[in-house]
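Here is the structure we will look at.
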Amino acid sequence: MPAVLGPRRAEEQVGSLLVTDGWDDYRLLDMGEGEKLERYGDLVVVRPEPQAMGPRRLDPSAWAAAGAAFTGDVEEDGPGRWRTAEGIGTAWEMRVMGLPVVCRLTAFRHVGIFAEQIAHWTFMAERLKAHRGPDKPRLLNLFGYTGVASIVAAEAGAEVTHVDASRKSVAWGRENQALAGLDAAPIRWIVDDAVKFAERDIRRGKRYDGILLDPPRFGRGPEGEVWSLEADLPHLLDLTRQLLAPGPSFAVLTAYAIRASFLSIHEVTADLLGHRPGTISSGELAVRETGDPARPGRLLATSMYSRFIGA
């Protein structure tokens, strides 16, 4: 457990809400009864959502017309499977911030993109494009999954280091890079345990202008390393502190499916990064439903976040 570092100098903003209203290729159409109805590109899907506790608004026929619905009753690569309409495949394309990416119906209910994180991706792209210096800005994407954030950062002009313990996810990221026409972009795709990689980079004297952290609640590295968010997050943030370049650098942490509030995430982030001048804001990411134009869209909370911006 790292020690608390000095008095807090950063300005603190607690209780922020970053809302995604969707875009041309993504909409949250409806939610309720423990599920959500979403459109990714041309495909409408039904997925479980514990936060969707209220009633549904759209007619049942809108839900029944979805091209794919996660049933969750069989274990293959992971728990669950999909029921699909005739002619629906397991992979398709959509666009994110103008870039094409591949979506897939995975055995663990996800499709390869967390739409609410576009709030972080647009922030990141703006910061990277505004970078001033003789060299390209450097971004480290830990637990990088399918690489959507990595290709957005590369398109914004960054040198990207993408780290994930899953070979399948890294291969998916490379596929997204090629589909986006960014084969020549400086992205390093690395299959490794995120914590071990960060520890080695500190010994190598590396520094990054931006760091993205999207850790799971529980996971295993490629050599069986065990990760627990509640136990290991302080160490990960301490590594982030050491890897983050001085000045106007930034770090973004997103946390899903844990028994904690955003205040818990905020306090540990402030303990380990708040001694630096800048701003730390923490709150929740949410998606607004858009399927019923006659009524204001409800908000679906998806995750907690903390964001540090150096002065």
Side-chain angles (χ1 to χ4, degrees), residues 13-59 62-63 65-68 70 92-103 109-130 145-146 148-153 155-156 176 180 212 214 250 252-257 262 265 279 281-307 309:
Q13 301 170 357
V14 179
S16 304
L17 189 63
L18 299 181
V19 178
T20 296
D21 291 321
W23 61 95
D24 287 349
D25 268 21
Y26 173 80
R27 298 291 178 189
L28 172 63
L29 302 173
D30 196 11
M31 61 181 180
E33 302 175 30
E35 293 184 312
K36 55 186 174 181
L37 183 70
E38 303 169 286
R39 178 173 59 79
Y40 292 86
D42 293 330
L43 184 63
V44 175
V45 303
V46 177
R47 297 193 294 154
E49 179 50 70
Q51 300 275 29
M53 295 181 284
R56 299 175 180 180
R57 286 184 170 179
L58 296 184
D59 189 84
W63 289 76
F70 186 81
W92 72 103
E93 294 180 14
M94 65 175 291
R95 300 188 77 85
V96 180
M97 297 175 64
L99 297 171
V101 299
V102 177
C103 294
R109 92 170 180 265
H110 301 305
V111 298
I113 173 176
F114 293 90
E116 62 275 9
Q117 290 207 22
I118 198 168
H120 291 326
W121 302 334
T122 53
F123 158 81
M124 170 191 70
E126 290 170 359
R127 298 287 297 188
L128 294 173
K129 289 177 181 178
Y145 193 36
T146 60
V148 177
S150 294
I151 65 171
V152 168
E155 199 272 338
N176 282 333
L212 300 183
D214 188 12
F250 64 90
V252 177
L253 164 68
T254 309
Y256 290 84
F262 62 81
I265 302 299
T279 302
S281 61
S282 303
E284 294 191 354
L285 297 180
V287 180
R288 190 187 308 278
E289 67 175 8
T290 59
D292 185 352
R295 288 184 278 190
R298 297 169 294 182
L299 296 179
L300 175 65
T302 62
S303 55
M304 299 169 288
Y305 81 92
S306 282
R307 181 188 287 176
I309 305 173

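What you see below is based on every heavy atom in this structure, not just the backbone, and it leaves out hydrogens, waters and symmetry mates. The model shown is predicted, which means the values in this text are computed figures rather than measured ones.
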Residue pairs involving residues 43-55 (criterion salt bridge (charged side-chain N to carboxylate O under 4.0 Å, His left out); sequence neighbours excluded)
Lys36-Glu49, Glu38-Arg47

Contacts of Thr290 meeting side-chain contact (heavy atoms from CB on, under 4.5 Å) (sequence neighbours excluded), chain-then-number -> Arg27

How long is the straight-line distance from CG of Leu299 back to CD of Gln51, given to the nearest 0.5 Å?
12.0 Å

Is there a donor-acceptor pair under 3.5 Å between the side chain of Arg39 and the backbone N or O of Asp24?
yes

If we only count heavy atoms from C-beta on, is the Ile309 to Arg127 side-chain gap below 4.5 Å?
yes

Might you point out which heavy atoms bring Thr254 and Asp214 nearest each other, and give the distance in Å?
O-OD1, 3.7 Å

Donor-acceptor contact below 3.5 Å, side chain Thr302 vs main chain Leu285:
yes

Please, which pairs that meet ring pair (Phe, Tyr, Trp, His ring centres under 6.0 Å) have at least one residue in residues 24-51, sequence neighbours excluded?
Trp23-Tyr26, Tyr26-Tyr40

At their closest point, which heavy atom of Ile113 faces which heavy atom of Cys103, and how far apart are they?
CG2-SG, 4.1 Å

Could you give me the CA-CA distance, side-chain angles and deciding distance for Leu253 and Ile265, then say whether side chain to side chain contact (heavy atoms under 4.5 Å, CB included) is met?
CA-CA 9 Å; Leu253 164 68; Ile265 302 299; 3.4 Å; yes

Parallel, tilted or perpendicular: which one describes the rings of Tyr145 and His110, with boundaries at 30° and 60°?
perpendicular

Between Val46 and Ala66 the two heavy atoms that sit nearest each other are CG2-CB, 3.7 Å

Would a 4.5 Å heavy-atom cut-off, applied to side chains only, mark Pro48 and Arg109 as touching?
yes

Would you name the heavy atoms of Ser306 and Ser282 that are closest together and state the gap between them?
OG-OG, 2.6 Å

Quick one: salt bridge (charged side-chain N to carboxylate O under 4.0 Å, His left out) pairs with a partner in residues 286-302, sequence neighbours left out?
Asp21-Arg288, Asp30-Arg298, Arg57-Glu289, Glu289-Arg298, Asp292-Arg295

Side-chain donor-acceptor pairs under 3.5 Å in residues 13-20, sequence neighbours left out?
from: Gln13; atom 1: NE2; to: Glu11; atom 2: OE2; distance (Å): 3.4
from: Thr20; atom 1: OG1; to: Glu116; atom 2: O; distance (Å): 3.3

Under a 4.5 Å cut-off applied to non-hydrogen side-chain atoms, are Phe114 and Val148 in contact?
no

Report yes if the side chains of Trp121 and Met97 come closer than 4.5 Å at any heavy-atom pair, otherwise no.
yes

Any side-chain heavy atom of Val101 within less than 4.5 Å of one from Thr146?
no

Heavy-atom nearest pair, Ser281 first then Tyr305, reads O-CE1, 3.6 Å

Close side-chain approach of Leu37 and Met31, heavy atoms under 4.5 Å:
no

Heavy-atom side-chain proximity of Met124 to Thr122 below 4.5 angstrom
no

Pairing residues for Glu155 by the salt bridge (Lys or Arg N to Asp or Glu O under 4.0 Å) criterion, not counting sequence neighbours
none

Which atom of Leu99 lies closest to which atom of Ala180, heavy atoms considered:
CD2-CB, 4.2 Å

Side chain to side chain contact (heavy atoms under 4.5 Å, CB included) between Trp63 and Leu29, worked out
CA-CA 10 Å; Trp63 289 76; Leu29 302 173; over 6 Å; no

Begin from the C-alpha positions of Phe250 and Leu128 and carry the test side chain to side chain contact (heavy atoms under 4.5 Å, CB included) through to its verdict.
CA-CA 10 Å; Phe250 64 90; Leu128 294 173; 4.2 Å; yes

